[in-house]
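Ligands are counted one by one from 1 in listed order, and the atoms in each one are counted from 1 as well.
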Amino acid sequence: MNVLLLGSGGREHALAWKIAQSPLLEKLYIAPGNAGTASVGTNLPISATDFEEVKKAVLQYQISMVVVGPEDPLVKGVHDFFLNDADLKKIPVIGPQKYAATLEGSKEFAKNFMIRHNIPTAKHFTVTAENLQAGFDFLSKQTAPYVLKADGLAAGKGVLILNDFEEAKKELQQMLDGKFGAASKTVVLEECLKGIEMSVFVLTDGEGYVILPEAKDYKRIGEHDTGLNTGGMGAVSPVPFADKALMDRVEKEIIKPTVEGLKKDGIPYCGFIFFGLMNDNGTPKVIEYNVRMGDPETEVVIPRIKSDLLQLFVAAANKTLSNEKIEINPFTATTVMAVSGGYPEAYEKGKTISFDEEFTDSIVFHAGTKLENGEVKTSGGRVLAVTSLGENKNAALQKSYKNIAKIHFDKMYYRRDIGADLDK
Ligand code: AMP
Ligand code: GLY
């Protein structure tokens, strides 16, 4: 079968790398892809949100499945576009429809879903310009830090965690005044959860599900979790504290009620669900839902999956996932992200990337790269993710760090402490 994958990041390179290994695959196309995906498939110069161009490509290249990497095309309704088009409606899309994607697209929607289905999460209060005073009252009953979230998608920047009450009040006002545009016309205030974060992923067809390996992401730009939030600077899978007892609770208290809740609410779902969780001493709570895989988590999750991912996608499309088992490699995977100097603030693009030598004991997943006249150049903040597998975390990290040191581009930066907190 021919598959079209939408997206252009490290997540998409990892998905493409895995799909390309499937005996079910004839040809893989990636729109728009990056310099890395070009090595495992054919890149098409099409934006993932230009649905008319996506349609043309699907018909031209006889695509029989579309896999959606990022949230943007999902929240904009790419799956619905397929279902509503006579030529496309039989072509399965891995990724939920627009309404289900609201689980990621609106924090308020996600909160109400969790309350309705008894899924543990932080207490919250929703504020608009109409009930600002009640919002201040909710804040005054919380202890610092104060958690303020733009309801809508704000390019990963819409969450503020503030220590000072007066500052929290001021920021709340500014958010409602449009600090994050339309996304913060509604603000969700939350109780601040304590504990350690982790990411759990399932692939579901709305009936059955398979649980993918869990991962821990490192979001801050600076070592020891300091500085600004980024898309993610590295990841580790498995997560040492995610023992069987915790994962059993995650499945029973969070995964099952979520999949059953979707069904009860009559919301079809075919695709990934990413549970951003807080583990408070063995008690898991949902921080957020995403309707896609995480990045850079995918770069450690996918290499640990032994099963044929495309076969799992076919089962999801046929609603037979409950008959499938997923086989996981017990080794640890680590990834370390090389980013452009200045990221997550302003940074330069177009830097030539060079490698001292070929290496075989890590996989380099491309994130923000592009091919220009045969040369690989930087084209984003997060540039390359160096993933390694090892018998344990330190063995994997040693390979990732040895190999990232062989990669060079002007002003390249990476964190040297990925996974270090997990030794405690
Ligand atoms: P979100 O976009 O909802 O995942 O929030 C971004 C980040 O803010 C999360 O990854 C957490 O680190 C933090 N965060 C969000 N909500 C809470 C909460 N209720 N308690 C503590 N930390 C939170
Ligand atoms: N790494 C977090 C995310 O993909 O949202």
Any atoms of ligand 1 less than 4.0 Å from a non-hydrogen atom of [X]? List them with their elements.
{"X": "Glu197", "result": "9 (C), 10 (O), 11 (C), 12 (O)"}
{"X": "Glu191", "result": "18 (C), 19 (N), 20 (N)"}
{"X": "Cys192", "result": "20 (N), 21 (C)"}

Checklist entry - For ligand 2, is any non-hydrogen atom under 4.0 Å from Arg11's backbone (N, CA, C, O), its side chain (CB onward), both, or neither? => result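 It is neither part, as no heavy atom is under 4.0 Å.
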Item to check | Chi angles and distances behind the side chain to side chain contact (heavy atoms under 4.5 Å, CB included) call for Asn290, Phe275 | outcome: CA-CA 7 Å; Asn290 296 303; Phe275 303 85; over 6 Å; no
Item to check | Under 3.5 Å donor-acceptor, Arg304 side chain and Ala333 backbone | outcome: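 Pair absent, no side-chain N/O of Arg304 close to backbone of Ala333.
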Next on the checklist: Please check if the number of heavy atoms outside Lys370 that lie under 6.0 Å from its NZ is greater than 12.
Outcome noted: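 Counting other residues, nucleotides and ligands, NZ of Lys370 stays at 12 neighbours or fewer.
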Checklist entry - So with a 6.0 Å cut-off around CG of Asn281, is the heavy-atom count from everything else above 12? => result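 Atom CG in Asn281 is not crowded, with 12 or fewer foreign heavy atoms closer than 6.0 Å.
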Calculate, to the nearest 0.5 Å, the distance between atoms [atom1] and [atom2] belonging to [X] and [Y] respectively.
{"X": "Lys306", "Y": "Ile328", "atom1": "NZ", "atom2": "CD1", "result": "9.5 Å"}
{"X": "Asp205", "Y": "Lys319", "atom1": "CG", "atom2": "NZ", "result": "5.5 Å"}
{"X": "Asp151", "Y": "Ser184", "atom1": "CG", "atom2": "OG", "result": "9.5 Å"}

Checklist entry - Per the side chain to side chain donor-acceptor pair (under 3.5 Å) rule, which among Lys111, Lys107, Glu108 passes with Thr126? => result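 For Thr126, the side chain to side chain donor-acceptor pair (under 3.5 Å) test succeeds with only one of Lys111, Lys107, Glu108, which is Glu108.
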Of the protein's non-hydrogen atoms, which lies at the shortest distance from [atom], and what is that distance?
{"atom": "atom 1 (P) of ligand 1", "value": "Glu288 OE1, 3.4 Å"}
{"atom": "atom 2 (O) of ligand 1", "value": "Lys107 NZ, 3.1 Å"}
{"atom": "atom 2 (C) of ligand 2", "value": "Asp217 OD2, 3.4 Å"}
{"atom": "atom 19 (N) of ligand 1", "value": "Glu190 OE1, 2.8 Å"}
{"atom": "atom 20 (N) of ligand 1", "value": "Leu193 N, 2.8 Å"}
{"atom": "atom 5 (O) of ligand 2", "value": "Arg292 NH2, 2.9 Å"}
{"atom": "atom 7 (C) of ligand 1", "value": "Val159 CG1, 4.5 Å"}

Checklist entry - Would you call Glu288-Lys149 a salt bridge at under 4.0 Å N-O? => result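 Not counted as a salt bridge, because no side-chain N and carboxylate O are separated by less than 4.0 Å.
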Under 4.0 Å to a heavy atom of [X] - the qualifying atoms of ligand 2, by number:
{"X": "Gly294", "answer": "4 (O)"}
{"X": "Gly231", "answer": "1 (N), 2 (C)"}
{"X": "Phe274", "answer": "3 (C), 4 (O), 5 (O)"}

Checklist entry - Using heavy atoms and a threshold below 4.0 Å, how should the contact between Ala122 and ligand 1 be classified: side chain, backbone, both, or neither? => result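 The answer is the side chain of Ala122.
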Checklist entry - Which bit of Ile161 is near ligand 1, meaning a heavy atom under 4.0 Å away: side chain, backbone, both or neither? => result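 Under 4.0 Å from ligand 1, Ile161 contributes side-chain atoms alone.
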Next on the checklist: Once you measure the plane-to-plane angle for Phe165 and Tyr146, does it fall in the parallel (<30°), tilted (30-60°) or perpendicular (>60°) bin?
Outcome noted: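 Judged by the thresholds at 30° and 60°, the geometry between Phe165 and Tyr146 is tilted.
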Checklist entry - Should Tyr289 and Glu104 be marked as a side chain to side chain contact (heavy atoms under 4.5 Å, CB included) after you check the CA-CA gap, both sets of side-chain angles, and the distance that decides it? => result CA-CA 6 Å; Tyr289 287 116; Glu104 176 162 356; 5.7 Å; no
Checklist entry - Of Lys194, His124, Lys149, which has the heavy atom at the shortest distance from atom 15 (C) of ligand 1? => result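 When every heavy atom of Lys194, His124, Lys149 is considered, Lys149 comes closest to atom 15 (C) of ligand 1.
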Checklist entry - So, does Lys219 sit close enough to ligand 1 that a heavy atom of it is under 4.0 Å from the ligand? => result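 Flag set, Lys219 near ligand 1.
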